[in-house]
Amino acid sequence: MRAVRLLLFVVGASATAYGGWLLLPQLGTALPWLIGGPVLHDVLVAPLVGLVGLVLGRLVTNRLRLAWITAGLLASVTLLLIAVPLLWRPPSAPANPGLPDRNYPLGLTVGLTVLWAAIVIVLVVATTVDRRVANRRTDRP
């Protein structure tokens, strides 16, 4: 078992060193991305996610509703992250032949609208069911 671990360590270290060697000529352009991503996450994204979670935890007391809203926010952020390269492509840049040109802002808007419409429908149905169950409990003697 120790030999297998040592072999995996050597292979991993070799692959990391080779990747670093390949990155060396492009380090000037890659360094802002390698440093900026974690800094942006730690300074902006993580506190924002924590604040949204804290506010949602205080406003939404039902755990099932909170789970649906959290899933909707997670899916929305995923859609936005996927759409960023397509939305921020400079107009003067040549089109990517693998991506057919289409109206990406409209597609993102439709996708987010369908997502949140489905979540609102689920929450309305859950609220209606909760009220009916509560009314049945109070109607019994």
(message) If you define the side chain from C-beta out and look only at heavy atoms, does anything of Gln26 sit under 4.5 Å from Leu31?
(response) no
(request) Decide whether Val39 and Leu27 are clustered together by the hydrophobic rule: side chain heavy atoms of Ile, Leu, Val, Met, Phe, Trp, Tyr closer than 4.5 Å, transitively. (result) yes
(request) Answer yes if Leu34 and Val45 sit in the same cluster of Ile, Leu, Val, Met, Phe, Trp and Tyr residues linked by side chain heavy atoms under 4.5 Å apart, and no otherwise. (result) no
(message) Any non-hydrogen side-chain atom of Leu56 less than 4.5 Å from a side-chain atom of Leu73?
(response) yes
(message) Within the supplied structure, the quantity of interest is the number of heavy atoms (other residues, nucleotides, ligands) at a distance under 6.0 Å from Trp116 CH2; does it exceed 12?
(response) yes
(message) Can you tell me how far apart CG (Leu23) and OH (Tyr18) are? Round to the nearest 0.5 Å.
(response) 12.5 Å
(request) Evaluate the side chain to side chain contact (heavy atoms under 4.5 Å, CB included) criterion for residues Thr70 and Leu74: first the C-alpha distance (whole Å), next the side-chain angles of each, then the deciding distance (0.1 Å), finally the verdict. (result) CA-CA 6 Å; Thr70 304; Leu74 182 63; 5.6 Å; no
(request) Determine whether Val49 and Val77 make a side-chain contact, defined as any pair of heavy atoms from C-beta on separated by less than 4.5 Å. (result) no
(message) Using the rule side chain to side chain contact (heavy atoms under 4.5 Å, CB included), only one of Thr127, Val133, Thr128, Val129 pairs with Arg131; which is it?
(response) Thr127
(request) Check whether any side-chain heavy atom of Leu87 sits under 4.5 Å from a side-chain heavy atom of Leu80, and report yes or no. (result) no
(request) Using side chain to side chain contact (heavy atoms under 4.5 Å, CB included) as the criterion, list what pairs up with Asn103, not counting sequence neighbours. (result) Pro105, Leu106
(message) Quick check for you: to the nearest 0.5 Å, what is the distance between Arg65 atom CZ and Asp130 atom CG?
(response) 5.0 Å
(message) Which residue is it: Ile121, Val122, Leu115? I am looking for the one with a side chain to side chain contact (heavy atoms under 4.5 Å, CB included) to Ile119.
(response) Leu115
(request) Rounded to the nearest 0.5 Å, what's the gap from CD1 on Ile69 to CG on Leu123? Could you check? (result) 5.5 Å
(request) State the CG-OG distance between Leu81 and Ser76, to the nearest 0.5 angstrom. (result) 11.0 Å
